[in-house]
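By convention in this document, chain letters (A, B, ...) are assigned in the order of the sequence lines, proteins followed by strands, and residues within each chain are numbered from 1. The shown structure was predicted, so the numbers you read here are calculated from the model rather than taken from an experiment.
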Amino acid sequence: MKKIESIILIVIILLIALFLIISNLHIFEDDIKADLPINFVLKISKIEDGLPKTKFTHQIVKYEGFQLSYNEENEQADWTAYILTKQMIKNSTAKRKDNFREDKNIITETANNNDYKKSGFDRGHLVPAADMKWSENAMDETFFMSNMSPQYPDFNRKTWKNLEEDIRNWASKNDSLYIFTGPYFGNSTTTIGKNEVKVPEYFFKAIYDISYPEYKSIAFFIKNENSAKDYKIFAITVDSLESLTGFDFLPKIEHVETIENNADINKWN
DNA sequence: CTGGGGAGC
DNA sequence: GCTCCCCAG
């Protein structure tokens, strides 16, 4: 074999090898989910590790069962975050007491009941009371006005409620979920009450199943309107929700991006 | 505090 | 029936 032919052969072999390496790398990236460490769930078992990264400097308050960031300008939270486990659902014993009240933990003061009275809007929970039934105190803290947003009655009592109920079902089947909930204002200028509580145009949820090995996530972005709709048609990826809201959920968690690009509602049942 | 509504199980 | 989301008085 001539020298020139040998060189061409070697180059061809190298090109084929390179192609195989690149394809394998690509496959590996798509399949990285399977390579997440078995203790992945432990890494994000603390709420502190999952707080969204935002440009805001609003007051963050930690309650027994959840955390929130309070936005004085809107007189409601930017987001709420908590973990919901199978065990919490199992230990659902607390009774709902409906003691809606101002939240003295908020330095700048919160909205109050009068702001919502006769407004035509429900005092909609961001963190549902029924998710905190594992503790009287945790449930009680969901009735702080810092956890309320003006929601249209049909949205709150039908569309949103159905989503919340299914999330509880998912939690009991999937061991533990990481849940973010919040309002999205868009160009809204509508306010209610003396404290001018801003009425959101949409509400969002981002949900992560952090149970090994079924890592998955899904998000919802639903219009705040007085009509009942099937929440399932508003399923989007967490990636999309992050683009829409500007929040980076679970920013400290390694590899979490690999589970944020899927919105298959059929994986949740 | 008690009364009520409506959806869903 | 019950629970869950609420409202008004």
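Extent of DNA chain C lying under 4.0 Å from chain A heavy atoms, first and last nucleotide in 5' to 3' order, is C/dC4 to C/dG9.
Contacts with DNA chain B (heavy atom under 4.0 Å) in residues 224-232 of chain A: none are found. Of the residues in residues 117-144 of chain A, none lies under 4.0 Å from DNA chain B by heavy-atom distance.
Ring geometry for A/W268 against A/W170 counts as tilted: the plane angle lies between 30° and 60°, on a 0 to 90° scale. Between A/F203 and A/W160, the angle of the ring planes lies from 30° to 60°, which puts this pair in the tilted group.
A/I233 and A/Y231 fall within a single hydrophobic cluster, where Ile, Leu, Val, Met, Phe, Trp and Tyr are joined by side-chain heavy atoms under 4.5 Å apart, directly or via other members.
Taking 4.0 Å as the cut-off between side-chain N and carboxylate O, A/K194 and A/D115 do not count as a salt-bridged pair.
Atom CG in A/L163 sits about 15 Å away from atom C1' in B/dG8, given to the nearest Å. Look at CG on A/D154: it is 11 Å from C1' on B/dA7, rounded to the nearest Å. Rounding to whole angstrom units, CZ of residue A/R168 and P of B/dG8 are separated by 14 Å.
Under the 3.5 Å distance criterion, with hydrogens and angles disregarded, a donor-acceptor pair is assigned to the side chains of A/T237 and A/S240.
Both cation-pi conditions hold for A/R101 and A/F144: the charged atom is under 6.0 angstrom from the six-membered ring centre and inside a 45 degree cone around its axis. In this structure, A/K198 is positioned above the aromatic face of A/F185, its NZ or CZ under 6.0 Å from the six-membered ring centre and within 45° of the axis. No cation-pi contact links A/R123 to A/Y116, judged by a cut-off of 6.0 Å to the six-membered ring centre and 45° from its axis.
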task: Mind running ring pair (Phe, Tyr, Trp, His ring centres under 6.0 Å) on A/F234 and A/F220 for me, showing each step along the way?
output: CA-CA 6 Å; A/F234 301 106; A/F220 297 92; 8.8 Å; no
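Side-chain contact between A/I222 and A/L163 is present, with at least one heavy-atom pair separated by less than 4.5 Å.
Counting non-hydrogen atoms under 4.0 angstrom, A/N162 reaches the backbone sugars and phosphates but no base. Counting non-hydrogen atoms under 4.0 angstrom, A/K158 reaches the backbone sugars and phosphates but no base.
The aromatic ring centroids of A/Y202 and A/F204 lie 6.0 Å or more from each other.
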